[in-house]
Structures are given as structure tokens and as C-alpha cells.
K.L.:
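Input: one structure, supplied below.
Chain letters run A, B, ... following the sequence lines, proteins first, then strands; residues in each count from 1.
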Protein chains: 2
Amino acid sequence: MPGQRSITEAEKLAWDKLGGAPIQHDQMAMVANIYRAASAVRQHLENSVLRGCDLSWTGFVVLWVVWIWGESETRHVAEEAGISKGTLTGVVRTLEARGLVRRGGHPDDGRLVLLRLTESGTELMQDLFPRFNAEEAFVAGRLGDTECRRVAAGLRQVVLQVEEHGEERRRALLDGAEPAPRRSGRRPRAEG
Amino acid sequence: MPGQRSITEAEKLAWDKLGGAPIQHDQMAMVANIYRAASAVRQHLENSVLRGCDLSWTGFVVLWVVWIWGESETRHVAEEAGISKGTLTGVVRTLEARGLVRRGGHPDDGRLVLLRLTESGTELMQDLFPRFNAEEAFVAGRLGDTECRRVAAGLRQVVLQVEEHGEERRRALLDGAEPAPRRSGRRPRAEG
DNA sequence: AGTGTATCGTTCGGGATCAAACCACATGGG
DNA sequence: CCCATGTGGTTTGATCCCGAACGATACACT
């Protein structure tokens, strides 16, 4: 059972290493399980239905968003899919190479790019989505409908908390200090 | 609010596109929220406490595992951290370059590699973990202890379902067919 | 018409990610 | 002793991922 030598034992060990400082263990356990569940679900979906179509999780999500909402501006797709716009550029590149989506300019605003499914992309989603949904049902198989709703509601509270107060919180933690650049990422062009 | 133009509206649209085929929507909503919450939490943690130490989420998790469990074999660390052994090799490489962990051979079995924290890695975790835990508490701030436990328990059921029946399920879905190779990944060396 | 300033998607750099291929070491049987 | 089989960690190739830098376009104001 990966990652569960015992979460409780881990807490005891951490508590010892900190000289007895208090730990919010219910919160810690929830975060740990959110991440574990997300990994497990993604892995299962990728290795069952997605793999056969040569799609990654992210590729599927992007496809799904465009399928559901129809022709969309890339910024909206990135937002819905929960990835950065830079990542979306790359994902769309591979999706386009597979002939599943098409990129097109906006008639009125030259900055925008619109995404739409190709014929074959639409057919793929019609076949794929029901099978995807069946696996969602499988991973949730030990929980009843009501319990699913309850867990989903709890998770939504977490998402809302971060979305509504996360930035403010991060600012407060920095307390005036500069935001600490990432190690990776593009460097400013050398002055000449 | 990223990814929530409205999940319910999305379901209706999907239902239409499928010509009225039934959708397991509670399960679908739970999976969507698991992934959203995981992304939100990861993003918040990386951009608050982790960024200042130049650590990725995964880098932190690996460090945490070795900190808690002490000198460990890499296969166990990969399992606990929930990443593949190939990924671990890369993550440890960067962690080692930052002077936070050290790799060492096993005295009795020449195949094994042991990981341990350096002095500075240990100091980092002693400072970092309490601040990490404080942010875990922040993201869970809208939920009480009991609700956190309940959500964690539900998620554990999902993880267990995949771990105990996932492989069997994937085999059943393939139904004898070959497992469909990934598009990416190493190719067999050309026969000569 | 010109000049900010804002916003869009793309590029870029460092890194994470997986599965399969691969190589080194271990272990058991002939 | 040797060779088959198994089990470790590492390498490889394609992709994903982020955020900052960037170039192009849009829009408001002059």
C-alpha cells in the first residue's frame, strides 16, 4: 500500500523530530490523501481508457473542455483545464499533430486564438467520454452517491479557500519581501 | 473561479452531446474536484513556503520521506512519495546538487542505493515542516477537524479501490489485447 | 497619428513525469 | 563454477509543467 506505512506513525515521528511542537494532523492527513487520490485516479485513467487513444490526462481534459463548451479562446481553455497558458500551447501542439483539434484566429481580435475539435476529435470524445466516466465510477466504487457528493463538497471548500484567500495569504507570508524568483524559467535578456 | 463555469451545466451539455446516455455525475464531480483540489493545494504550497527554498512539491515530499523514515532504500522512497523510480533518480539528482541529500551504497547488496539527509537537509526540514503544515491548515481552513477526517476517509477509499482492484480492472478492460505501448518512452534497440 | 499601457498567445529554461529499455549485481540450480 | 532468472537503480524519449520574458495586437487618451 504505497505511501501508507502508516500516516499516524509518520505523525508521531515528525512530532518527535520537532521536539514536540504541535501538528495539525487532520489537515495534514487530508492534504496527503487528496494528493494520493489524485495520483491514483490519474494513473488509473491514463492506463485504462486514455492509453489506447494515446492521450495524456491533460490532453484529455483540454479535449473535453473544447468538446463541451465548443469553439473557445485558449485563455478560457487553460483556465478551465487548470493549466498555465504556456503549458496549453504545448498540449495543443501535440493534440493538433494528432489531428484532434484545430487552431484558428479570432475575426475581430488579432491577439486571440480559437480552438475547436476536428471531426475525428469529436468522434473520439463521443466514444471516449462514456468509457472515461465508467472508470470514474469504478474508482469511486466503494462510495455511495451521497458520500461522493459529500467528499466533493469538502474538496470544493478547499479549492474555494485557496482561490479566494490564497494570494492574500501568500502576500502576508512574504510580508513585503520580494516574491523569490523560481530557479527555472526564462532569464532576462543580457543588457548590451 | 477556474474550472467551474458550472459543473452541472457541463454535465447537461455532455449529456446532450451523447444523445442522452446516462452519466454518473456524482462520481464525475468527485473526480473533478479531487484533481482541482490537488492542483490548488500543490500550487499554493509551492508558491508560499516551498518557493523560497527552491523546492518543488515532489522534491519536498522526497525530502520529507527520508527525514521521517531515516536512511532509506530508493525503491521505498519512490513508493512512499508516489512517483516512479525513474522520476526519483532525477529528483534525487537535483536534491543532491542542492546539498540536501546524499546517496550511498548498501553494504550487503551492491544493487541498492541508500538516501539520507545531509546536515543542511535536516535543518531545512526542521524549519520547513512546521510552515508547510501551517499552510495545510490554511487550505483546510473552511473545514473542521471532523470534516477533514471524513473527507480523508472518503479519499482513502478511492485510493484503496485503485490499489486493490485497479490492475485487475485494467486487465479486464483490455480483455486479452496487448497493453498498447506509450507513444513516448524508450524504443527497443534496432536489431543488427 | 502617436504614445502609453494592458492583454493575448508563444517561447524559453529548468525541471518533473512515465514506461520501457538497459545494465549491474544477486541468487539458485546444475 | 556457470548460466538463467530476478531484482535493483539508471538512462532514454516524448511529453507535461510552470512562470518569466517576449512580440504582437488592442485600446484609451492626447
K.L.:
Would you mind reading off the distance between A/L50 atom CG and C/dA19 atom P, rounded to a whole angstrom?
P.N.:
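Computing the A/L50:CG to C/dA19:P distance gives 13 Å.
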K.L.:
To the nearest angstrom, how far is A/R42 atom CZ from C/dA19 atom C1'?
P.N.:
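Spelled out: CZ on A/R42 to C1' on C/dA19 is 14 Å.
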K.L.:
Are any of A/R51's side-chain N or O atoms less than 4.0 Å away from OP1 or OP2 of C/dA20?
P.N.:
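Yes.
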K.L.:
Hey, does the side chain of B/Q43 come within less than 4.0 Å of D/dG19's phosphate (OP1/OP2), counting only N and O?
P.N.:
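For D/dG19, OP1/OP2 do have a side-chain N/O of B/Q43 under 4.0 Å.
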K.L.:
B/W64 vs B/F132, test: ring-ring contact (aromatic ring centres under 6.0 Å, His included). Steps then yes/no.
P.N.:
CA-CA 11 Å; B/W64 185 83; B/F132 189 93; 8.8 Å; no
K.L.:
Nearest whole Å is fine: how far is C/dC8 P from A/L114 CG?
P.N.:
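From A/L114 CG to C/dC8 P: 13 Å.
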K.L.:
For C/dG14 and B/T94 - does any side-chain N or O of the residue sit under 4.0 Å from the phosphate oxygens OP1/OP2?
P.N.:
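No, outside the criterion.
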K.L.:
Would you indicate, yes or no, if C/dA19 has its OP1 or OP2 atom less than 4.0 angstrom from a side-chain nitrogen or oxygen of B/S84?
P.N.:
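False: B/S84 side-chain N/O out of range (4.0 Å or more) of C/dA19 OP1/OP2.
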K.L.:
Go through C/dG15, C/dA19, D/dC18 for me and flag the one nearest to the A/N47 side chain.
P.N.:
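That would be C/dA19.
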K.L.:
Within less than 4.0 Å of OP1 or OP2 of D/dA14, is there a side-chain N or O belonging to A/R98?
P.N.:
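It does not, given that no N or O in the side chain of A/R98 lies less than 4.0 Å from OP1 or OP2 of D/dA14.
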K.L.:
Quick check, are the ring centers of B/F138 and A/H165 under 6.0 angstrom apart?
P.N.:
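B/F138 vs A/H165: aromatic centres not under 6.0 Å.
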K.L.:
Should B/R187 be listed as having a side-chain N or O under 4.0 Å from OP1 or OP2 of C/dC22?
P.N.:
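No.
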K.L.:
Could you encode protein contacts along nucleotides 6-12 of chain D as a string, one character per nucleotide from 5' to 3', using B for base contact, S for sugar-phosphate-only contact and - for no contact, with a heavy-atom cut-off of under 4.0 Å?
P.N.:
BBSBBBB
